[in-house]
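Written out below as structure tokens is the structure these notes cover.
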Amino acid sequence: MQIREIRANKKQYLPLLLLADEQESMIDRYLERGTMYVLEDGGIKGECVITDEGNGILELKNIAVEPACQRQGYARALIAFVERTYAGRFSQLLVGTGDSPATLGFYEKCGFVRSHIVPNFFTDHYDHPIFEGGVQLTDMIYLKKELGKKAECADGEEG
């Protein structure tokens, strides 16, 4: 398994990016200013995009794993890589997601705790309703994790 930074032609990964953020115009808001990593393990299995939000805060804007490769530890490996790479340079890692029990549970098992909510984020910023697990997403739920702590996720969990 290898994780490498993508510096150019980030849009070539659009199909994978759209798994985690299904509106291209929203991806365009952070893709070029963000740092992108892909995880390869006999082919590209996952990716993530992080952004520097200032004041020591790093935000995980997009993390996606190929559907056939989910629940195999690739998202955990990407999060652990980000934590190791940015510990000492940033104090906190944020991630925003919809109010989906499976996704929230994954992040919580990775050591994230709930931080704050942005009401109506999905209904205000997307041009179509966003559904996850059969439920329409409305609010953005932010979770945070202090960097420098050991990256841990429970086995078998994958977001």
Side-chain angles (χ1 to χ4, degrees), residues 1-51 58-87 93-115 121-123 125-145 147 149-159:
M1 181 169 50
Q2 175 188 2
I3 298 173
R4 64 182 174 88
E5 183 177 350
I6 302 299
R7 296 177 188 252
N9 303 315
K10 295 177 185 178
K11 281 273 192 138
Q12 73 180 331
Y13 300 95
L14 189 59
L16 190 54
L17 293 165
L18 287 166
L19 290 176
D21 192 345
E22 63 183 65
Q23 186 168 305
E24 186 174 351
S25 64
M26 293 299 286
I27 293 169
D28 289 341
R29 293 171 66 174
Y30 58 78
L31 187 59
E32 288 309 313
R33 74 180 180 95
T35 303
M36 178 182 219
Y37 295 99
V38 296
L39 183 150
E40 296 172 316
D41 188 12
I44 294 173
K45 305 297 188 202
E47 61 74 31
C48 71
V49 179
I50 55 172
T51 58
L58 191 65
E59 185 170 342
L60 182 60
K61 290 287 194 178
N62 190 308
I63 185 167
V65 173
E66 287 289 347
C69 301
Q70 292 177 0
R71 304 189 70 80
Q72 296 177 27
Y74 293 121
R76 287 191 311 274
L78 282 164
I79 290 171
F81 170 82
V82 167
E83 289 183 65
R84 284 190 311 273
T85 302
Y86 292 91
L93 179 60
L94 276 183
V95 63
T97 190
D99 193 6
S100 165
T103 305
L104 290 169
F106 166 74
Y107 287 120
E108 288 169 344
K109 286 178 179 168
C110 287
F112 287 84
V113 296
R114 292 177 191 232
S115 172
F121 181 87
F122 291 100
T123 52
H125 292 92
Y126 285 80
D127 63 12
H128 63 284
I130 305 292
F131 289 89
E132 191 168 319
V135 176
Q136 183 176 354
L137 303 181
T138 53
D139 301 338
M140 175 80 80
I141 312 295
Y142 272 93
L143 298 101
K144 65 182 177 181
K145 183 172 187 178
L147 286 177
K149 295 184 178 180
K150 185 178 178 190
E152 293 180 10
C153 291
D155 287 340
E157 297 295 324
E158 188 72 34

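One is the number of the first residue; the rest follow in order along the sequence. For clarity, every value in this text was computed on a predicted model and none was experimentally measured.
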Original post:
Is it true that the side chains of Tyr126 and Asp21 contain a donor and an acceptor less than 3.5 Å apart?
Top reply: yes
Original post:
Between Arg4 and Glu40, does a salt bridge (Lys or Arg N to Asp or Glu O under 4.0 Å) hold up when you go through it step by step?
Top reply: CA-CA 8 Å; Arg4 64 182 174 88; Glu40 296 172 316; 3.1 Å; yes
Original post:
Is any side-chain heavy atom of Lys144 closer than 4.5 Å to a side-chain heavy atom of Arg114?
Top reply: no
Subject >> Heavy-atom closest pair, residues Ala75 and Phe106 >> reply: CB-CZ, 3.7 Å
Subject >> Close side-chain approach of Leu93 and Phe112, heavy atoms under 4.5 Å >> reply: yes
Subject >> The single option from Ile63, Val49, Thr85 passing side chain to side chain contact (heavy atoms under 4.5 Å, CB included) against Tyr37 >> reply: Thr85
Subject >> Where Gly46 and Leu78 come nearest, the two heavy atoms and their spacing >> reply: C-CD1, 4.0 Å
Subject >> Check: Ile79 and Leu60 side chains under 4.5 Å, non-hydrogen atoms >> reply: yes
**OP:** Indicate yes or no for a side-chain donor-acceptor contact from Asn62 to the backbone of Leu17 under 3.5 Å, with no hydrogens or angles considered.
**Re:** yes
Subject >> Least distance between heavy atoms, Leu147 atom then Tyr86 atom >> reply: CD1-O, 4.0 Å
**OP:** Heavy atoms only: give me the nearest Val65-Gln70 pair and the separation to one decimal.
**Re:** O-NE2, 3.0 Å
Subject >> Atom pair CZ (Arg33) and NZ (Lys61), whose distance is rounded to the nearest 0.5 Å >> reply: 5.0 Å
Original post:
Rounded to the nearest 0.5 Å, how far apart are CD1 of Ile130 and CD of Glu132?
Top reply: 10.0 Å
Original post:
Ignoring hydrogens and geometry, is there a side-chain-to-backbone donor-acceptor pair from Gln72 to Ala68 under 3.5 Å?
Top reply: yes
Subject >> Interatomic distance, Asp127 atom CG to Met26 atom CE [nearest 0.5 angstrom] >> reply: 10.0 Å
Original post:
Side chains of Glu5 and Thr35: is there a donor and an acceptor less than 3.5 Å apart?
Top reply: no
Subject >> Under 3.5 Å: donor-acceptor pair, side chain of Lys10, backbone of Leu31 >> reply: yes
Subject >> Contact check, side chains of Leu104 and Asp99, non-hydrogen atoms, under 4.5 Å >> reply: yes
**OP:** Might you confirm whether atom CZ of Arg7 has over 12 heavy atoms from other residues, nucleotides or ligands at distances under 6.0 Å?
**Re:** no
**OP:** Check the pair Ile44 / Tyr13 against side-chain contact (heavy atoms from CB on, under 4.5 Å), numbers first and verdict last.
**Re:** CA-CA 10 Å; Ile44 294 173; Tyr13 300 95; 3.3 Å; yes
Original post:
Could you state the interatomic distance from OH (Tyr142) to OG1 (Thr97), rounded to the nearest 0.5 Å?
Top reply: 10.5 Å
**OP:** Check Leu137 against Thr123 and note the closest heavy-atom contact, atom names and distance.
**Re:** O-CG2, 4.2 Å
Original post:
Can you check side-chain contact (heavy atoms from CB on, under 4.5 Å) on Tyr74 and Glu66, steps first, answer last?
Top reply: CA-CA 9 Å; Tyr74 293 121; Glu66 287 289 347; over 6 Å; no
Subject >> Atom pair CZ/NE2 of Arg29 and His125 - distance to nearest 0.5 Å >> reply: 5.0 Å
Original post:
Given Ile27 and Gln23, is the side-chain contact (heavy atoms from CB on, under 4.5 Å) satisfied, shown in steps?
Top reply: CA-CA 7 Å; Ile27 293 169; Gln23 186 168 305; over 6 Å; no
**OP:** For residues Phe122 and Asp139, report the shortest heavy-atom separation together with the two atoms involved.
**Re:** CE1-O, 3.3 Å
**OP:** Could you check if a side-chain atom of Leu58 sits within less than 4.5 angstrom of a side-chain atom of Val82, using non-hydrogen atoms only?
**Re:** yes
Subject >> Sidechain-backbone polar pair: Lys145 side chain, Cys110 backbone, donor-acceptor under 3.5 Å >> reply: yes
Subject >> From Ile3 atom CD1 to Cys48 atom SG, the distance as rounded to the nearest 0.5 Å >> reply: 7.5 Å
**OP:** Spell out, as yes or no, whether a donor-acceptor pair under 3.5 Å connects the side chain of Glu47 to the backbone of Leu39.
**Re:** no
Subject >> Any side-chain heavy-atom pair of Arg76 and Lys109 under 4.5 Å >> reply: no
**OP:** Decide yes or no on side-chain contact (heavy atoms from CB on, under 4.5 Å) for Val135 and Ser100, but give the supporting numbers first.
**Re:** CA-CA 8 Å; Val135 176; Ser100 165; over 6 Å; no
**OP:** Go through the side-chain N and O atoms of Glu22 and His128 and say whether any donor and acceptor fall under 3.5 Å apart.
**Re:** yes
